[in-house]
Every structure is written in C-alpha cells, then in structure tokens.
Amino acid sequence: MTVRKINASQAVAESLMQEMARDESVVLLGEDVGRSGGVFGSSRDLLERFGPMRVRDTPISEMSFTGMGVGMAMAGLRPVVEIMFVDFMGVCLEQIYNAMAKIPYMSGGRVKMPMVIKTAGGNIGSAAQHSQCLWGTFAHLPGMHVVAPASVRDHKGLMAAAIRSDNPVVFIEHKGLLLKKAKDFLTGSEVPEDAFVTPIGKAEVARKGNDITLVTLSAGVEYAMEAAAEVAAEGIDAEVIDLRSIVPLDTETVAASAARTGRLLVVDEDYLSFGLSAEVVVRVLEKLGPTALRQIRRHAVPDVPIPAALSLEEALVPGPASIARVLREMAAAS
Amino acid sequence: MTVRKINASQAVAESLMQEMARDESVVLLGEDVGRSGGVFGSSRDLLERFGPMRVRDTPISEMSFTGMGVGMAMAGLRPVVEIMFVDFMGVCLEQIYNAMAKIPYMSGGRVKMPMVIKTAGGNIGSAAQHSQCLWGTFAHLPGMHVVAPASVRDHKGLMAAAIRSDNPVVFIEHKGLLLKKAKDFLTGSEVPEDAFVTPIGKAEVARKGNDITLVTLSAGVEYAMEAAAEVAAEGIDAEVIDLRSIVPLDTETVAASAARTGRLLVVDEDYLSFGLSAEVVVRVLEKLGPTALRQIRRHAVPDVPIPAALSLEEALVPGPASIARVLREMAAAS
Amino acid sequence: MKLNPISLFRTMTRMRAFDEACLEGVQTFEIHGELHTGIGQEAIGVALAQSLTPNDAVVSTHRNHFHALAKGVPPRALMAEIFEKETGLCRGRGGHMHPFDPEHHFSATGIVGASLPVALGYAYKFKMMGLPHIAVGICGDGATNHGTFHECLNMAAAWSLPLVCLVENNEYAISVRFRDVTATPTIAERASAYGITGRRVDGTDVEAVTLAFAETARHTRKGGGPSLLEATCYRFRGHYEGDHDNYRERAEKQRMRVEMDPILRYRRELLEHGAATEAELDAIGAKAREEMTAMLADVRADAMPDPAGAMDYVFAEVM
Amino acid sequence: MKLNPISLFRTMTRMRAFDEACLEGVQTFEIHGELHTGIGQEAIGVALAQSLTPNDAVVSTHRNHFHALAKGVPPRALMAEIFEKETGLCRGRGGHMHPFDPEHHFSATGIVGASLPVALGYAYKFKMMGLPHIAVGICGDGATNHGTFHECLNMAAAWSLPLVCLVENNEYAISVRFRDVTATPTIAERASAYGITGRRVDGTDVEAVTLAFAETARHTRKGGGPSLLEATCYRFRGHYEGDHDNYRERAEKQRMRVEMDPILRYRRELLEHGAATEAELDAIGAKAREEMTAMLADVRADAMPDPAGAMDYVFAEVM
Ligand SMILES: Cc1ncc(C[n+]2csc(CCOP(=O)(O)OP(=O)(O)O)c2C)c(N)n1
Ligand SMILES: Cc1ncc(C[n+]2csc(CCOP(=O)(O)OP(=O)(O)O)c2C)c(N)n1
Ligand SMILES: [Mg+2]
Ligand SMILES: [Mg+2]
C-alpha cells in the first residue's frame, strides 16, 4: 500500500472522496462544501467529481439542513452534514440531539441513523464565538458517537469509520490541525493512499511512559507530545494517550496506564467543568477504586469564554508550555 | 411575616408577581405565559396584572425570542424568557450560550446581562423529547448561572434572586415538583408571603447525617429525603445536600460533609456522563486530596434517551427506591 | 379524481374511533404524559390517505395519529405504541409523540418546527434518485412561525424538491391565538416568499380538502416543485389531555364543534344528497367503534416493555 | 432630506480608510483570525450614519466596522478592539467580530442570523416605553435564509415593533451564490410574507441608499411598524482576509470593482455635476488616510491585555 505524507485536510477530503466513490448513498452537504471545497479545504474536488446532488452547498439554514440529514438517513442515504464551526451547533442542536441521536432508540431499534456531523473546533485566536471544542456538550447527550482525530492518519481512518458506521457520529476536526502542514505533525503524517478504517472507540498510546498518564485528544495530542518531549529531557517520562473518541470512551486503556503510573493528568481544550476531564478521572476511579490515584490533575479552559486577544487566549488554553509546566509540577509533588 | 403552605408553581408565580411589581423593567415572555398563565400555572394572573407588553405570549420562535431577551437586557430591561420545556433548548441554545452567556465577557464587562431563562425539566413519563434535565449541558458552557430549586421556598427565593441578579441565570424548574401538591413536599412548603431572596450559589443541608454524603438537587432532593428516611430505620444515616445551583457549585459544603463521612454519592436526574456527577466528585477530590474518599458512587440516568414506557423510565431514572438501594449497597460495602 | 363518499366517511369515522379508544387509556392513567388527539381534524387525515402512495413519505408532529393511519401504519401497532407496550410500533420506547415506521416511510417528532426539515431529507433523496415520490411535511399553524418553515420552503423551492408542506391551521398553538402572533391573516399567502403556490382550503370539508391535497400532491409529484397547503380546522379537545383549555371561550368551542365537525358535516351532506341512509352511516360508526374497542382490549392485554431491555437500541450493533 | 454630498463622500472615504488601516495589521499578523472588511459596502454605512439618532440601536454582523462607525462608536476604540488591545472598546476580549458599545447602543455578533433577534429586543423596549427610537438589525443576503429572518420579521410585524431590517445583499455568503440557494430573485419581495413593505435599492449609489434608508427609517419611526430594506452591493475582498476567493470569477470581480465601487461612482458623479473638484476630493481622501494611519500608529503602541486579567468579566460583581 502506498503511503505518502499529506496534511489533515487532505486526509479528510481523500477519505470523503473514497467513501463517496465506494458507496453511492454517501452525500455531503453544508455551507461552502462544494464550489469552495470547504473553508479548510477538507472537501476539495468533491463537487467536480460527484456533482451538486451529492455535494450540496446549502444556504445558512443549519437547523433545517441538519434535519434534512436526519431525513436523508431515514430514507436510506448516508449523509455527512458539515456545520462549519462547532460554535454554530447552538442553531441546530435540536436536530442533532433530539432527532439524530434519539431516533434509533425512540424507534425501538427500527430506524438506523448512519449520519455524520462534520465540524471544526479548537482555538486558533478566533475569539469567543469561533473557538471552542464542545465535545463535552455532545458527549453529555446520549445516542451519538463523538470523535476528534489527532494524527493525520486518523483523520482519514476515523472519517471512513464514521461514514460507514450505522450510528450517528459527531466528527470534530481541529482548525489548528486542519491548517497545519504535513511536515509539522509530531504524530506523523504518513497516510496510506488506499481507503482504510480506524475503529471508533479505541484509544491510542501516542507515547509510552512510566511516570504520568496524560490523557488528551485532538490538537491536545500534538501539544502533549511536544511537552512530553521537553520534560523527558528532565527525566519526566509521560505516557500520552490519544482518546480519539469521547463516546465511546476507552476507559480500559486509560485505567491500565493510570494503574501503572498512579498519576493522571487530563488535558482538555474544551471547558474545564462538567465535561471530559472530570469524566475521565471518575471513570478511572470507578475502575481502579476510589483511592487508586496518587495524583489527579485537570488542565483545561477554566470556564471562561475564549477572549479575542492572543495574550489572553494563551493564558487560558492548554498548549505545549502550559502542559510541560503541569507535568513538572506533578513530577515535583511526589 | 405571614407564612403559608403553597405549591411550587404558586411560589414561582408569586415571586414573578412581586418582582414585576417591584421593578418595572422586569418583563416575562414565552409561549403560553400570558393568557394561559403557563402550562404549569407558574405565571398565572400576571397578564391580567401587568398587561401584554410586560407579559408577552410569543409565537413558537424560540431562537428569536430568546435573542429578543438578550436585546432587551442590553437595552436595560430584565427579561425572563420562558422556554417551556428544557428539551427545546436545542432550538435556541445559540442565543443562550453564544450571546447571553458570553456578551458580558466579550464586552470586557461593559454590558450586563440581567436575563433569566425559565424552563422546566425532569422526568414524569413524557418520553425522550419531553423529559431530561440538561443542567449539565448549560453548566458546561461558561458565563451563566444554573439554578434548580427543590423546596417550595427556594422556588420563590431563588426566582427572586435570579431576576435581581445582573448575571444571566438559567432557572430549571422540575415538572414533577411543579405538579406536586403543597402538602406532599417532604422539604416543606411553608413560604413567606413577602418577597425574599435566596442567594444563588449556596447549597443547603436538607438532612444532617454522618454515614454517607448524598449530593443532589431539584426533585432529587425529595427522592433522597424519602430514601434517607427509609434507610434511617436500618441505621444508615445519610446527609442530604441540596445543591440548589450547579453554577456556582458549592464545593465547600459538599467537601466539608464528604470529609466527615468519607463516602460520596451523587444522585443526578440528568444524564450520567460528562455532567454533574463526575464534576462533583472531582471537585471534592481536588479539595480534599485524591485519596480522601472511601467510597464514590454516581446514580444518574445511564446515558440513554428517556423511554416512553413507565416500566422502562423507572428502570433508568433515580427515584426513592433506587436511591435507597444504592445507600444500602454503600453502607454494606464498608 | 373520483371520490368514494362512503369510503371518505368511513375513514374519518375510524380515525375518530381510534382516538376515542385512546382516550379511555387517559382516564385510567394507562396513558400518562400529554396525549394530543386529532379529534376534529379527521378530514385532513383522510385527504392524505386518498392521495399518497406507499412510497411517499410523511413526517408529522405531536398530533400525528391520523397522519400515521393515513400513511398505512398498522393501527394495532400504533395503538400499542400509544399505550407504550412492547408490541408497539417502537417497542414502547417512542410513545405517542414519536412513532416511527420505516416500512411505511412515516415518522413524527414532538418538537414543533422539527418535522419539515426531516421531510426535506426524504424529498431530497427522491429527487436525487429520480423517484416519483413526494415527501409530506406536516405542521400546525404555530409551527409556521418557526424558522424551519422559512428555511425548508426556501431550500425546497430553490432546489425544486418534491416537498408538500401541509399546514393544519386550527387557529391555536396551545393557548396562543394564531392571529395574535402572526403577521398575515393566512399562511397560504406566505408561499409567495418562496415563489411557490400556496393554497388555503376548508379542512373540515372532506371532499374539498381531499381534492385540494390531491391537486397539490399531483403538482409536486409531477416535478412542479414544493407546494404549500393550508387546511383550516378546529381542535375539539384541549391541546393535550389534561389541558384546562380555559383560554378558549366556551361559546366558541360549542359553536365550532357543531360547525366544524368534519364528520357531522359530511354526514349531513351525504344524507341530503341521498348518498347514504342514516342507518348505513350509523352502522359504519358502530362498526368503527367496535373495531377500535376490540383493538383496545387486545392492546391492553399486551405486556409492558421488560425493564431489563431499557438500555437496548441506543446504538446499532457494531459493524 | 437634504444631503450634503461632500459629507457623504467624506464619510465613505473615512470608512474605507479605516478598513484599509486594519488591513495592515493582517499582513503583520497583529490581527489574526478572520477579519471581514466592508470595503465596497461603504455607501450603506453612510446611509445609516445619515439617519440614525444617538438613541437608536444597531445590531450588526461579522462585517460590522462601518455600521459601528455610522452609529458613532469611537473609531479609535473600535480599531484598538480590532487589534485586540486593552484600550479597545471591549478591552480586547471581544475582537473584530464582537464590538459592544452600550453607550452608543451598538452591538454585533459573529453568528449569522443572530443579529435580528437582538435588534428585536431593542425594538420591543422602545415600543414598550413609548420611545421614538428605532432598532436596526443588519444582515447579509446569506442571513436572510436563516430562520431568524422569518421569526423576527413575523414578530415585529405582528406586534408592530420599530424594527428596520437592513439587508446588505452582496450576492454571496462566502462562496455560496445567493441565487443558488434562494427561492426568490430579491429579498425585498419577501416582505409580503409579513404584510410589511420591502424595498430594494442600489446600495452602491450613496444618495439613493441614503434616501431609501431615510424613508424606511422614518416610516418605522413614525409607528408604521417594521420595514425591510435590501441594499445591493458587492464585496471587494475575500469573505475574510485569507480567503482564497477562487469561487468568484476574476472577470466578475474586476468588473464589479469598477462598476460597483460606491466611492468611485460618487466621485465621478460629483465631478460631473461640478459639486467638487478633483483636488478637493483627493484632499478628502488623503486626509482620511492620514487620519487612519495616525490612528493605526497610536493603536499599535497600545498594550495587549494583561494575561492576569484573562478571567475577569465572566460574571458581574455579586450584588
Ligand atoms: C420547539 C418547541 N417549542 C414548544 C413546544 C411545545 N408545544 C408543543 S405543541 C405546541 C403548539 C403547537 O401548535 P401548532 O403548531 O399550531 O399545532 P397544534 O397543537 O395546534 O396541532 C407547543 C408550543 C414544542 N414541542 N417544541
Ligand atoms: C450560524 C452560522 N453559520 C455559519 C457561519 C459562518 N459564516 C460566517 S459569515 C458567513 C456568510 C454570511 O453571508 P452573508 O449573510 O451574505 O454576509 P456577508 O459575509 O456576505 O456580508 C458564514 C456562512 C456563522 N458565522 N454562523
Ligand atoms: Mg394549531
Ligand atoms: Mg453576502
């Protein structure tokens, strides 16, 4: 199988291309997915290849075209609905959580919902209404899988898995990763040319280590790898776990690592409270026992809207430097 | 001060009445709040008293009338916007979390947002799209206070506090409590006639106890009181804490109790994962230390949409019987 | 289109008997939650039944029983779902507001304004596949003031999708009067904002609404793009069972129950034109009630869902 | 209404110079994120400036600079906010998409379709208090296909609120052509769905759009209820700085930049009618650029917000 270096937006576009070629029922719709190829280029060339009925530029009517996706899925298609930025989910959450996520259950298993919500999150200096990750928001609401790829390879493999899944999947890309050059990925950017599937629900150990279990996902993995490399020089050996998906959450892999290290750090670019970080901690404790961990740390956006000024954003959003700082603090504390 | 027994919907209506009389800038709007007096009667008599400009029956246009509330607040009014059932927040979350919750911060503190979202949640056999609590969803998104009263007294006092607050407040009533008769409240239904304020952010110990710290809110408090009374006969002495608000979260009160009992149970009628229950546990551990608790339990809706059939709902939603069962299990385990 | 008056009458009568049977479950608390009956709005259900093909899709609302019956959803399974039985259409998981029948391309939603988008998805698929089917999105007058009405009609018209938007205008959204919250006297006239034809018809005149719906459906089925049909009617009972309904004048309700009862109206008409005798029509009524009473008895004997299965069906089996 | 041509010209010129000064910050990465300029749409900004009173409210969009300037937001504080400085209108917390100026009753949102609802709130308050002010909700052509357009115009009309909906129709929502996703050729004609008057005007003809907006505003201010004004225009730059903008033909862009430049057009007109000399107009341009260049230098010297204050302002001080 040929393997090349490509970037994340190419990986997503390639996966869409291959899945659409493979299965005629796959349809992509959203704002600017067609003539423009996606504001991050992650649907480039698809309109030319598949035409406007399968690659549909929509008006700015998210509530209705998300619901249109629900109807398409019920009618037997496999829609991929792009919500340009995850921040906009507030205009269409109704169709996402009351319809897409619940219809399989409400129908007593009679209706499948093979639908993907494709959206972009993450902090790249775009202020309060165009930053955010919000995977915690989706994950709290039952009935959907929530995926957020980190490596370029996973952008391709997890998108294929999401499209082929008979379950609704919220697929959250990170704007920073979409804009990153192939050569700059610490987790590598070698991607097989042929289509392949990365199973949803299995975390990956991105870096093995013995001292501290660092759990994160999406761009957090790149930041964590950078931080881990930095503190490694100081003798701190962090294990970096890329969750890949929040629902399902691979507690198994996390708990196995935390049982070894006794120290758990969750790095989350989403808001701190009532989200991913506490859930990971408690799942581990539920598995290992309430006193199994010597140290527990959460490093996330501290419940504040994302400010416009970079000087402020940097003070709030986890990045390589702040992660390294936390790792050092943890290492020093015991 | 005269004190009478009234029910929760009366308490809310009375509080609205008094606050509207007190302050001309308070305005109530939403579906069926006027001519019908609210589907649960919690805005009865207000239209007659204050007229249609201050008590506004709206069309089913939640996104826009929620945003209208935001504009009213910016223009100097104090809007109370009713979203009939919390389940409908998916059609207007945009204005709630991107505007109402963020504008104070985005404006660098120049704009105040004295706005209340009044809504009803809770499980009373109304199936997947008309049950749910969703306080975890609001709480994850920064910038708003999230309140859910339990006692009749708090329905009145917290509503007054919400209206007088310069911060946006999501006020989640429980349908079961709104429909409950005054005489059936275990937490009492004596309410002063005059207006009063119950501060937002301070939990209340609804029942003192030494064995297990049971943290809950809203109808959960009534269920917990019933369960605690039941197991008390068996020598299990549970302390029941009514959080009253999720944001701010009164970690102080919870941690103080848990430090004494060593056993923490969170009972949450909202979905289990990525919500209130894990957050409470981790806040306590962050305060007391990672190995401070002998037992940790979460009892919440196990990440499944609410089914229509009561036989199924009862199997999923915490109630007096299931809470008593968990308390017994905890007591037996150590 | 040739109408069979007796069949129209019978279908209306059976629909009403169906909902009346359900009402018995409300008295006994077998049905908890807020049941929305369609009583008074039967003629519109019949109009649907007369024109739809098995492959057409219908997406309905909280007030969906007649639309489901019209689309061919098995009444027995529907009633069992309304009673939340394991034998129900959705194994008791959905309940009366959320019946899903993929075989008959029928679904509903309890969220106002959420039906049209889903119908649009079916319409899109039909167009994409070049199929001669239509998707009918149903909503109430209240729902037409929701943003999705605008968004969906716009998209359907811009892309010429086979969507029929059928509005049941019963003048109220719970307690809120249509005229108090709507800028235009009719809904049909709003069609011009989408360059499509809108039509208003008396939805309690079963022949008129049947013909109007048939024409509308034919227009859309033939590739004419989306269409909008407003059928006026009146809801005879409270918004839901348990609604105090004190926001409508008693006099108004009494008058409307006489003037706007589609079954009574049609009965008078049939008798006047000698199309049937009193005895024949009474027999149809009696038979319908008998059928539904028997069905109710059957449904009551069905088992409730087993709590052990409460967590089933959240996700599809893993591939 | 008596227009002062030189003042119109000057205001347009200053607006463009303002945005051109901001563009310099994009080159240098002082402004990161996606800056949306209004270049090409100045005449509409001027129209606002001519008719609004200090007490009127304006709620704008992601493309808000000219509307802010028109409403009297101090340019210095606005530019500092665009550069995310502590001296900015919102202390660097809001940024270019979210300027809030309560003193001048101006705000904006980065969410498409989210401006009209907020404007409606101001309109409601004005009506409730019996004040003679109007609220202007601004949106793009793309935003008119969002549900809030429908919901807000409906409510405003049903309750006769003083809302002016001003649509800047630049034919594109990022890459999506208005005509590809909209059922009607114009937006103005959709007004009929709300029983209000809709009007379409050439938004690059500064006098025409100024007069049209003035009439529209007067109608609404006088208690005539809401109104809708569609101003046609063309966006000269990419949707945001950094946009590849390869979805618009180069030829189209070139042609439009000549034909639809409101400043060039008005310059030609003024010269033709002898209302001003080349030198006078050049001087106005030079002065505007000078002013904005100086402002830019000032802003650049301002401090970035102190990270220590990153958590401030989430909540108001406790009572
Ligand atoms: C988004 C949303 N808002 C509010 C409700 C509560 N609600 C249920 S039915 C209804 C009235 C609907 O009126 P209409 O569309 O005219 O239908 P009708 O009940 O008259 O058949 C309301 C407000 C809801 N289910 N969904
Ligand atoms: C709800 C929502 N959907 C999508 C976007 C992304 N977006 C920002 S501006 C824009 C296009 C807006 O077009 P239009 O309303 O015509 O305004 P213009 O940019 O042309 O001035 C889009 C799609 C958004 N900000 N909010
Ligand atoms: Mg109605
Ligand atoms: Mg535009």
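Naming convention: chains lettered A, B, ... in sequence-line order (proteins, then strands); numbering from 1 in each chain.
Between B/P59 and D/N154, the shortest heavy-atom contact is CG-ND2, 4.2 Å. Across every non-hydrogen atom of D/Y124 and B/M72, the tightest pair is CD2-CE, 3.1 Å. What you find for B/S107 and D/F100 is that their closest heavy atoms are CB-CB, 3.7 Å. The two residues D/V314 and B/P104 have their closest heavy-atom pair at O-CB, 4.2 Å.
With a 4.5 angstrom heavy-atom cutoff, B/P199 does not touch chain D via any of its atoms. Using a 4.5 Å cut-off between heavy atoms, B/V91 does not touch chain D at all. The part of B/M144 that comes within reach of chain D is its backbone (N, CA, C, O), which places non-hydrogen atoms under 4.5 angstrom from that chain. With a threshold of 4.5 angstrom between heavy atoms, D/D312 approaches chain B through N, CA, C or O but not through any side-chain atom. Interface remark: D/A114 contributes backbone and side-chain atoms alike to the contact with chain B (heavy atom separation under 4.5 Å). Neither the backbone nor the side chain of D/L116 has a heavy atom closer than 4.5 Å to any heavy atom of chain B. Heavy atoms closer than 4.5 Å to chain B are found in both the backbone and the side chain of D/H98. There is no contact between D/S115 and chain B, counting heavy-atom distances below 4.5 Å.
In this structure, the side chain of B/R110 engages the main chain of D/L89 through a donor-acceptor pair within 3.5 Å. Between the side chain of D/R93 and the backbone N or O of B/M106, no donor-acceptor pair lies under 3.5 Å. Between the side chain of B/N167 and the backbone N or O of D/A316 there is at least one donor-acceptor pair closer than 3.5 Å. A donor-acceptor pair under 3.5 Å is formed between the side chain of D/K125 and the backbone N or O of B/A75.
The side chain to side chain contact (heavy atoms under 4.5 Å, CB included) check on B/T137 picks up A/T137, A/H140, A/L141, B/M89, B/L134, with sequence neighbours excluded. Here D/L296 pairs with D/A21, D/E24, D/M79, D/F83, D/R300 under the side chain to side chain contact (heavy atoms under 4.5 Å, CB included) rule; sequence neighbours left out.
Open room surrounds CD on B/E252; 12 or fewer heavy atoms of other groups in view lie less than 6.0 Å from it. Counted within 6.0 Å of CD on B/E24, heavy atoms from surrounding residues, nucleotides or ligands total 12 or fewer; the atom is thus considered open.
Annotation: salt bridge (Lys or Arg N to Asp or Glu O under 4.0 Å) contacts involving residues 139-152 of chain D, sequence neighbours excluded, are absent.
Atom CE of B/M68 is separated from atom CG of D/L163 by 11.0 Å, given to the nearest 0.5 angstrom. Note that OG of B/S64 and CG of D/L153 are 9.5 Å apart. Values are rounded to the nearest 0.5 Å.
Below 4.5 Å, heavy atoms of chain B meet heavy atoms from D/K127, D/M128, D/M129, all part of residues 127-136 of chain D.
Across B/G109, B/G201, B/P52, B/G69, the residue that shares the most heavy-atom pairs under 4.5 angstrom with chain D is B/G109.
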